[in-house]
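First comes the structure, then the notes that go with it.
Counting from 1, the numbers follow the sequence of the chain as shown.
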Amino acid sequence: MLKQYLQFKLSQKLSPQQIQLMKLIQLPTQAFEQRLKQELEENPALDTGKESDAKDNEYDEFDNSQDDYNDSETIDAGDINVDEYLSDDEIPDYRTHANNYSADDDEKSVPYAAGTSFTQHLTNQLNTFRLNDQEYEIAQFLVGSVDESGYIRRSLSDITDDLAFTQNVYTTEEEVEKVLGIVHQLDPAGVGARNLQECLSIQLHRKEQHPDVELATKIIDKAFEQFTKKHYKKLLQKFSITEDQLKDAIEEIEGLNPKPGGSYSGNNRMVEHVVPDFAIKIIDGELELTLNGRNAPELHVSRTYNNMLKGYKESKEKSKSQKDAVLFIKQKLDAAKWFIEAVKQRQQTLFVTMSAIMHYQKDYFLSGDERMLKPMILKDIADEIDMDVSTVSRVANSKYVDTPYGTKLIKEFFSESMTNDQGEEVSTREIKKILETVIEEEDKKKPLTDDKLAGILKEKGYPIARRTVAKYREQLDIPVARLRKKI
């Protein structure tokens with residue numbers, strides 16, 4: 001038996017324009033500049049830069065004009081309101097370099113590292129070795145398998161198979177390992193290693209040999225697990241050495257480079273630089289917020305496209321091809337006008353959101369003391385500015401602010417709250433800062449366990465459980481007590 005049900009469902013869908021606006025808001029400064037450049041390239045009706053006063057006056061004559069064509073022999077163009085495009089914001093009345101924005105006219109491009117690539121740098125060194133054709137091909141393949149950090153992460157059997165299938169080089173694992181030994185002689189030292197132990201060992205074997213280096217080499221080659229777990233007593237017994245000897249050997253190891261690939265500057269990868277989206281300054285004891293001028297371009301509708309519409313409006317005969325052209329112009333103008341408005345909304349959203357955060361955390365921005373950060377969640381700011389939590393999240397997760405205390409990612413100012421023994425709500429970030437300070441000041445020969453850390457925090461008025469201490473410690477990237485131990 002079939003039954004029919006009538007079900008009502010309330011749903012909210014974002015329009016494509018709203019989705020695009022959200023994407024614009026999420027973009028940091030450099031990505032926004034690229035998006036702006038792309039839009040200018042794709043839409044000839046959109047233009048940037050200042051227009052002269054003469055041009056402003058020239059546009060004014062179209063402001064109150066009307067389209068009164070009624071010629072029955074021409075195509076009816078009633079669906080295209082030309083005046084709407086001629087009079088509306090050809091030069092927008094808002095000026096993006098207003099008091100809210102920084103006059104940051106200094107255009108900075110993203111730099112690229114110069115020189116040859118890391119792979120080419122290694123390949124060039126192969127020419128200094130005497131290799132037969134097959135060995136050279138294997139060496140080239142191995143060099144091509146080196147990752148960003150300078151490691152070869154694949155097994156010799158996989159490399160041997162790939163050489164056969166992709167390069168028609170038929171060899172054995174033994175020969176590949178022999179050639180790998182040559183790759184290990186390339187600079188920077190440690191390149192081509194298959195794991196951290198091998199990487200450190202290669203570097204130690206290439207150092208000038210003296211007792212400290214020799215002992216460090218033995219530790220890495222024969223007791224790597226005990227070393228990584230900081231089982232110092234076992235190392236003292238195994239090698240029959242004193243604490244001072246062990247300490248000197250560990251200093252040699254700590255001076256090595258665990259990522260030899262990262263030390264090469266000519267890898268032709270883009271050098272990322274954080275461009276602050278905002279700046280906060282303290283002037284006469286008050287906070288002043290500015291939006292980076294690079295987020296505030298001057299955009300307007302292209303003069304050429306306005307002239308095209310003027311020509312269409314003044315023509316007595318309007319052919320179908322003219323109407324098709326105007327329909328195309330209308331489409332481009334719609335897109336240009338929307339983009340100009342979206343950029344304006346982006347600027348306003350960024351400024352309003354950051355302004356609310358700045359005032360909420362006024363005590364911190366005036367002092368720079370992280371213990372002054374109030375508990376603050378996304379909803380607090382969303383309610384303050386009457387916007388959606390997702391919008392605040394997009395601003396907080398991808399934007400940076402230049403403060404008197406350094407450049408900070410905005411989401412760092414958000415934290416949950418807990419209640420101290422006085423019944424006051426305090427920021428979890430404040431507790432983490434105290435935890436970090438306690439660990440920095442501990443005796444490294446007897447580092448504090450999570451239980452002892454919880455006890456110290458309780459004495460300071462923050463009654464939190466041991467598991468919570470462990471969670472905060474991990475979030476601060478601080479290892480457990482045993483791994484913090486020094487001799």
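The side chain to side chain contact (heavy atoms under 4.5 Å, CB included) check on His359 picks up Ser355, with sequence neighbours excluded. Partners of Ala139 by side chain to side chain contact (heavy atoms under 4.5 Å, CB included), not counting sequence neighbours, listed by chain and number: Leu126, Leu131, Val179. Residues forming a side chain to side chain donor-acceptor pair (under 3.5 Å) with Thr29 (at least two apart in sequence, or on another chain): Asp277, Asn295. Taking the side chain to side chain contact (heavy atoms under 4.5 Å, CB included) definition, one finds that Thr160 meets it with Thr171, Glu173, Val176, sequence neighbours left out. Every residue two or more places apart in sequence or in another chain was checked for a ring-ring contact (aromatic ring centres under 6.0 Å, His included) with Phe227, and none qualifies. Remark: Gln237 pairs with no residue by the side chain to side chain donor-acceptor pair (under 3.5 Å) rule, at least two apart or across chains.
Using a 4.5 Å heavy-atom threshold, the side chains of Ile280 and Met354 count as touching. For the pair Tyr400/Pro28, no side-chain contact is recorded, criterion being any heavy-atom separation below 4.5 Å from C-beta on. Counting heavy atoms from C-beta outward, Ile152 and Ile159 have side chains that approach closer than 4.5 Å. Side-chain contact between Lys23 and Arg35: absent, with no pair of heavy atoms (C-beta onward) separated by less than 4.5 Å. Contact of the Leu350 side chain with the Phe32 side chain is not registered, since no non-hydrogen atoms from C-beta on lie closer than 4.5 Å. Taking 4.5 Å as the limit, some side-chain heavy atom of Val343 sits within range of a side-chain heavy atom of Pro297. Between His205 and Asp221 the shortest side-chain heavy-atom distance falls below 4.5 Å. For the pair Gln30 and Arg294, the minimum side-chain heavy-atom distance is below 4.5 Å.
Heavy-atom contacts from other residues, nucleotides or ligands closer than 6.0 Å to CD of Glu440 number more than 12. Around atom CG of Asp133, no more than 12 heavy atoms belonging to other residues, nucleotides or ligands sit under 6.0 Å away. Within 6.0 Å of the NZ atom in Lys444, the count of heavy atoms belonging to other residues, nucleotides or ligands exceeds 12. Summarising the local packing, NZ of Lys332 is surrounded by more than 12 heavy atoms from other residues, nucleotides or ligands at distances under 6.0 Å. Under a cut-off of 6.0 angstrom, the local environment of NZ in Lys408 is crowded, with over 12 non-hydrogen atoms contributed by other residues, nucleotides or ligands. With a 6.0 Å radius and a threshold of 12 heavy atoms from other residues, nucleotides or ligands, Lys207 has its NZ atom at or below the threshold.
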Side chain to side chain contact (heavy atoms under 4.5 Å, CB included) for His210 and Glu252? Distances and angles first, verdict last.
CA-CA 11 Å; His210 54 77; Glu252 287 289 342; 3.4 Å; yes
Begin with the C-alpha distance, continue with both residues' side-chain angles, and end with the deciding distance and a verdict on side chain to side chain donor-acceptor pair (under 3.5 Å) for Ser390 and Asp388.
CA-CA 5 Å; Ser390 64; Asp388 194 81; 2.6 Å; yes
Begin with the C-alpha distance, continue with both residues' side-chain angles, and end with the deciding distance and a verdict on side chain to side chain contact (heavy atoms under 4.5 Å, CB included) for Ile282 and Leu366.
CA-CA 7 Å; Ile282 302 173; Leu366 285 173; 4.2 Å; yes
Salt bridge (Lys or Arg N to Asp or Glu O under 4.0 Å) between Arg154 and Asp162, worked out:
CA-CA 11 Å; Arg154 307 174 62 211; Asp162 271 3; 2.3 Å; yes
Test side chain to side chain contact (heavy atoms under 4.5 Å, CB included) on Leu156 and Arg194 and set out the steps.
CA-CA 10 Å; Leu156 293 183; Arg194 288 163 288 182; 3.5 Å; yes
Show your working on side chain to side chain contact (heavy atoms under 4.5 Å, CB included) between Asn168 and Tyr170 and close with a plain yes or no.
CA-CA 6 Å; Asn168 288 324; Tyr170 298 95; 4.0 Å; yes
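Taking OG1 of Thr353 as the reference point, atom CZ of Phe278 lies at 7.0 Å (rounded to 0.5 Å). Annotation: the span from Glu251 atom CD to Asp248 atom CG amounts to 5.5 Å, rounded to 0.5 Å. Taking CD1 of Ile464 as the start and CG of Leu435 as the end, the distance is 7.0 Å to the nearest 0.5 Å.
Using the six-membered ring where Trp is involved, Phe413 and Phe365 have ring planes that are perpendicular, over 60° apart on the 30 and 60° scheme.
Side-chain atoms of Arg466 do not come within 3.5 Å of backbone N or O of Asp450 as any donor-acceptor pair. A distance-only check finds a donor-acceptor pair linking the side chain of Arg346 to the backbone of Leu27 [under 3.5 Å].
Scanning both residues, Lys259 and Tyr151, for their nearest heavy atoms gives CA-CE1, 4.5 Å. The minimum heavy-atom distance between Asn43 and Ala335, with the atom names listed, is ND2-CB, 3.5 Å. Taking all atoms of both residues into account, the shortest heavy-atom contact from Gln203 to Leu256 is OE1-CB, 3.6 Å.
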